[in-house]
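To start, the structure under review is shown below, and the notes come after it.
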Number of protein chains: 2
Amino acid sequence: MKRRNTESKELVLSILSNSTKAMSQDAIERKTEGKIDRATIYRILNRFCEDGIAHKVVADDGKRYFAICVKCDDPSNLPNNHFHFRCTECETIECMPEIVKYSQPENYTIKKVNCVLIGVCSECA
Amino acid sequence: MKRRNTESKELVLSILSNSTKAMSQDAIERKTEGKIDRATIYRILNRFCEDGIAHKVVADDGKRYFAICVKCDDPSNLPNNHFHFRCTECETIECMPEIVKYSQPENYTIKKVNCVLIGVCSECA
DNA sequence: TAATAAATGCGACTATGTTGCAATAATTAT
DNA sequence: ATAATTATTGCAACATAGTCGCATTTATTA
Ligand SMILES: [Mn+2]
Ligand SMILES: [Mn+2]
Ligand SMILES: [Zn+2]
Ligand SMILES: [Zn+2]
């Protein structure tokens with residue numbers, strides 16, 4: 001399945017690229033002013049994740065947030081291996097620079113990480 | 001609102017207490033063999049969390065998992081301050097002993113932690 | 001035993017996310 | 001340039017998770 005370049009894909013990509021925060025489907029939909037269908041946005045985002053262009057965090061509100069990968073391809077780190085922060089004031093999610101550290105539990109294989117810290121961000125403080 | 005002792009509450013509590021894993025509402029419902037209504041189970045679980053009897057983790061599947069608090073009342077730790085592990089083989093969530101460590105980001109207040117490591121557990125290895 | 005109000009069951013509802021399918025459009029081959 | 005191929009889209013339907021209002025039940029207290 002070779003990927004194609006479409007308007008929708010480019011639009012979602014630019015919205016995500018111009019955001020300093022991770023975004024949920026509905027936030028993206030609002031930005032597109034209804035130009036793209038819900039299901040299509042999800043499909044585009046999931047494709048971005050498959051292709052390693054973006055990554056996904058599930059926050060403690062149960063929603064999926066997507067962000068462009070910056071250092072995700074660093075082979076020394078597992079995918080998603082950095083902390084995320086959810087501000088309960090401005091309801092945004094951001095990627096934190098800090099890498100999640102943990103001791104490898106005996107006989108466990110760890111393939112992915114999904115870590116969110118919740119609180120109030122510096123802007124809302 | 002003083003809490004009352006009811007059969008349903010005791011049943012959910014014993015199911016949760018006898019489980020070595022964190023449990024979702026639907027897993028608990030299966031254990032009760034339909035004796036308790038969906039909404040009631042959620043209400044009981046949420047009350048447990050309010051009362052500090054249990055704690056809740058949101059896994060990367062977007063579902064809420066509940067577990068009896070063991071060291072949750074340790075004042076040195078934020079609520080939920082330990083890692084959780086989701087095994088993609090047996091589809092279970094467990095509380096890990098390890099505490100999540102992170103450096104306090106400048107001007108951020110952190111109130112809660114929701115950290116899940118995903119992979120294959122020792123039993124499924 | 002009666003009064004009070006917490007807890008329950010049921011149904012309706014919201015929200016998030018996925019999928020099937022026919023139509024559209026980007027790519028590739030002719 | 002045109003036609004063939006097939007990835008992508010829009011739409012509707014569906015699935016699942018979780019919440020809420022309200023009448024009824026039931027634990028607690030008076
Ligand atoms: Mn991130
Ligand atoms: Mn736990
Ligand atoms: Zn904020
Ligand atoms: Zn397992």
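Residue numbers start from 1 in every chain, and the chains themselves are labelled A, B, ... in the order their sequence lines are given, proteins ahead of strands.
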Practice task
Mind calculating the distance between CZ (A:R30) and P (C:dA15) to the nearest angstrom?
Solution key: 12 Å
Handout entry: Base of D:dT8 paired with side chain of A:R3 (donor-acceptor, under 3.5 Å)
Key = no
Exercise for the section: Please determine, for the side chain of A:R43, which listed nucleotide (D:dA17, C:dA6, C:dC21) has the closest atom? Expected result: C:dC21
Practice task
Measure the distance from CD1 on A:I28 to C1' on C:dT16 and round it to the nearest whole Å.
Solution key: 14 Å
Exercise for the section: Return yes if the base of C:dG9 and the side-chain atoms of B:R38 contain a donor-acceptor N/O pair under 3.5 Å, otherwise no. Expected result: no
Fill in the blank from the handout: Whole-Å distance, A:E7 CD to D:dA7 P, equals 21 Å
Exercise for the section: Mark yes or no for whether B:D51, through its side chain, and B:I53, through its backbone, hold a donor-acceptor pair below 3.5 Å. Expected result: no
Practice task
Mind calculating the distance between CD1 (B:I41) and P (D:dC20) to the nearest angstrom?
Solution key: 17 Å
Practice task
Would you kindly give the NZ-to-C1' distance between B:K2 and C:dA3, to the nearest whole Å?
Solution key: 16 Å
Practice task
Have a look at B:S24 and say if it touches a base, only the backbone sugar-phosphate, or nothing, with a 4.0 Å heavy-atom cut-off.
Solution key: nothing
Exercise for the section: Give a yes/no on whether any side-chain N or O of A:N46 is located under 4.0 angstrom from OP1 or OP2 of C:dG17. Expected result: no
Practice task
May I ask you to decide if the ring planes of A:H82 and A:H55 are parallel, tilted or perpendicular, using 30° and 60° as cut-offs?
Solution key: perpendicular
Exercise for the section: Please state whether the phosphate of D:dT19, meaning OP1 or OP2, lies under 4.0 angstrom from any side-chain nitrogen or oxygen of B:Y42. Expected result: no
Handout entry: Candidate nucleotides C:dT16, D:dT8, D:dT19, ranked by approach to the side chain of A:R47 - the nearest
Key = D:dT8
Handout entry: Main-chain N/O of A:Y108 paired with A:Q104 side-chain donor or acceptor, under 3.5 Å
Key = yes
Practice task
Could you tell me the separation between the NZ atom of A:K35 and the P atom of D:dC11, rounded to a whole number of Å?
Solution key: 15 Å
Problem - Of the listed nucleotides D:dA27, D:dT9, C:dG17, the one nearest the side chain of B:T6 - result: D:dA27
Exercise for the section: Look at the side chain of A:T88 and the backbone N and O of A:G119, then say whether any donor-acceptor pair between them is shorter than 3.5 Å. Expected result: yes
Exercise for the section: Specify the separation, in whole Å, of atom CZ of B:R4 and atom P of C:dA6. Expected result: 6 Å
Practice task
Tell me whether the OP1 or OP2 atom of C:dT16 has a side-chain N or O from A:K63 closer than 4.0 Å.
Solution key: yes
Problem - Candidate nucleotides C:dG9, C:dT18, D:dT8, ranked by approach to the side chain of A:A39 - the nearest - result: C:dT18
Exercise for the section: Kindly say whether the aromatic ring centers of B:F48 and B:F66 come within a distance under 6.0 Å. Expected result: no
Practice task
For A:D61 and C:dT16, give me the distance from atom CG to atom P, rounded to whole Å.
Solution key: 8 Å
